[in-house]
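Data block below; observations after.
Proteins get letters first, then strands, A, B, ... in listed order; numbering begins at 1 in each. Keep in mind the model is a prediction, meaning the values are calculated, not measured.
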Protein chains: 2
Amino acid sequence: MSGAPEPGYDPYAFEPFAVTVDLAVFTVRGGALHVLLIRRGQEPYAGAWALPGGFVLPRESAETAARRELAEETGLPEQVVADLHLEQLRTYSEPDRDPRMRVVSVAFTALVPDLPEPAAEGGGDAAQARWLPLGQAPDLAFDHAAILADARIRIRSKLEYTCLATAFCPPEFTLGELLAVYETVWDTVLDRPNFRRKVLTTPGFVEAVPGAARLTGGRGKPAALYRAGPATALHPPLLRPEGPTR
Amino acid sequence: MSGAPEPGYDPYAFEPFAVTVDLAVFTVRGGALHVLLIRRGQEPYAGAWALPGGFVLPRESAETAARRELAEETGLPEQVVADLHLEQLRTYSEPDRDPRMRVVSVAFTALVPDLPEPAAEGGGDAAQARWLPLGQAPDLAFDHAAILADARIRIRSKLEYTCLATAFCPPEFTLGELLAVYETVWDTVLDRPNFRRKVLTTPGFVEAVPGAARLTGGRGKPAALYRAGPATALHPPLLRPEGPTR
DNA sequence: ACAAAAGTGTTGCTTCTACACCCATGA
DNA sequence: TCATGGGTGTAGAAGCAACACTTTTGT
């Protein structure tokens, strides 16, 4: 930024802006990508579904506000919210995106493992918080449908060149579970042996948990367990097939 | 966002936020990456260099404000500003990033071809606008050094998997010029024949201008001319070498 | 003739893809 | 013993890196 408002630095010289945060929090559950939504308890859009979020307080950064609102509005466990990897998506600033007043919203994306349904009784304004599958997402308040669409595009391409997919998995996971994350988010079918090799030969993507194994589908050979490794980028990337394979 | 301020919708109920935009506009000139900076004419940081930018007006989106401020503060040609590809970098919202008041800033990145020095006399608050090489960038006002660093990281990786490099080139360019863009931004040396093949075999990256050729260094064989093609993504990507080759 | 820059060809290596096949477990 | 999911092997194709070599211009 640069330059001051012409009359000087009077903070009240302009029509004020409100600054909010919105969160697109995703998880993979039962072969479908789900997003965490709340049902609004107040006007405008009372009763409609919306992304969790809310106003940034005077002494907060957007990141801090995002974490606070997520904890308040959804029943996500304390620890999950604290450790969450939040990533800025972009900022939405169209003048009429909120009917009340001028509201600029900083949108974030986050990925979490499949968790139990959040406590139905969130605090704050949210009457209800639920995971809903993207395929049958209801109409959303404000411009949240657009934000959600942008967030989905972002995470789809992020899986290609980052190690973020492990964020969808519990602390210890099988390669089959990791594969399912990719297949679900990309809506494709990947070759299991090749996927396996790619993941294991990328240094730092995953680390084996020695000796550990787990049965997944009830049947079949128990699968070895892995933890997320220290790597964050995927070089070279894991490209998704172009044609819709599914 | 969701939920209203507790007392209702009174826009003045909270300490107001100001919303600004900041722009990191890059060009490649003489083998060095340059950024467009202005010298501030007012307090705070009067006399210091800063990224161009300014306040978002009540009826503007951040994108509109960015374009307007860029036109006002720097002498960039009308047409260049209108056609510019602006991309949001991220939003900076630390509470004390501006000493005057609470200011949240939406940062943008843009790439332009090597242009003549902007008119020294920008309008608005900017006393002066200049291209400065990144290597010898001065201290910047506010948190602009951090924004600039983030922007640089972003464009470096964007060259890998998008066709954005052509935005640094004039409408018609040689492959040698495009190569120079990559080598400058990445600070590496690339193999010319391999680079050439990669660019030409990526559908839609560049289009040949039939029959056209241009002498570049004064000497040597005239180079064929190309235009930017319709493609925007680079699949598969053009990965930069890891070790600092230069 | 020489230097400089553009452009072509070739070879070997690495990576990816497709698919066949074996292993461990529950029903 | 069969179905199911985990895991290994391999041959062909594709892509990439390195480098030798040809072409066209100005001096």
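- In terms of position on DNA chain D, the residue among A/K221 and B/T201 whose nearest nucleotide sits closer to the 5' end is A/K221.
- In this structure, CZ of A/R214 is placed 17 Å from C1' of D/dG7, rounded to the nearest angstrom.
- Nearest-nucleotide positions on DNA chain C place B/G220 closer to the 5' end than the other of B/G220 and B/A224.
- Among the nucleotides D/dC16, D/dC19, D/dT25, the one closest to the side chain of B/P222 is D/dT25.
- Between A/R39 and A/E73, none of the side-chain N atoms (NZ, or NE/NH1/NH2) sits under 4.0 Å from a carboxylate O, so this pair counts as no salt bridge.
- When each of C/dC19, D/dT25, D/dA18 is scored by its nearest atom to the side-chain atoms of B/D191, the top-ranked nucleotide is D/dA18.
- When side chains are defined from C-beta on, B/R154 does not count as touching B/D150, because their heavy atoms never get closer than 4.5 Å.
- The side chain of B/R197 lies closest to D/dA18 when the candidates are C/dA18, D/dA18, C/dA6.
- Separating the CG atom of B/L239 from the C1' atom of D/dA17 is a distance of 13 Å, rounded to the nearest angstrom.
- One atom, CD of A/E160, and another, C1' of C/dC16, lie 15 Å apart when rounded to the nearest Å.
- B/W49 places no side-chain N or O within donor-acceptor distance of the main-chain N or O of B/A141, the cut-off being under 3.5 Å.
- Residue A/K198 places none of its side-chain N or O atoms closer than 4.0 Å to OP1 or OP2 of C/dT15.
- For the pair B/R192 CZ and D/dA18 C1', the computed distance is 16 Å after rounding to whole Å.
- Sequence order on DNA chain D of the closest nucleotides to B/P193 and A/R196 puts A/R196 first from the 5' end.
- Separating the CG atom of B/L234 from the P atom of D/dG15 is a distance of 13 Å, rounded to the nearest angstrom.
- Look at A/R67 and A/E63 and you find no salt bridge, because none of the NZ, NE, NH1 or NH2 atoms lies under 4.0 Å from a carboxylate O.
- Among the nucleotides D/dG6, C/dG26, D/dC19, the one closest to any side-chain atom of B/N194 is D/dC19.
- What separates NE2 of B/H235 from P of C/dC16 is a distance of 14 Å, to the nearest Å.
- The side chain of B/R219 has C/dA3 as its nearest neighbour among C/dA3, C/dG26, D/dC19.
- As a whole-Å value, the separation of B/L215 CG from C/dA5 P is 11 Å.
- Heavy-atom contacts from other residues, nucleotides or ligands closer than 6.0 Å to CG of B/D83 number more than 12.
- Between the CG atom of A/L190 and the C1' atom of D/dG6 there is a distance of 16 Å, given to the nearest Å.
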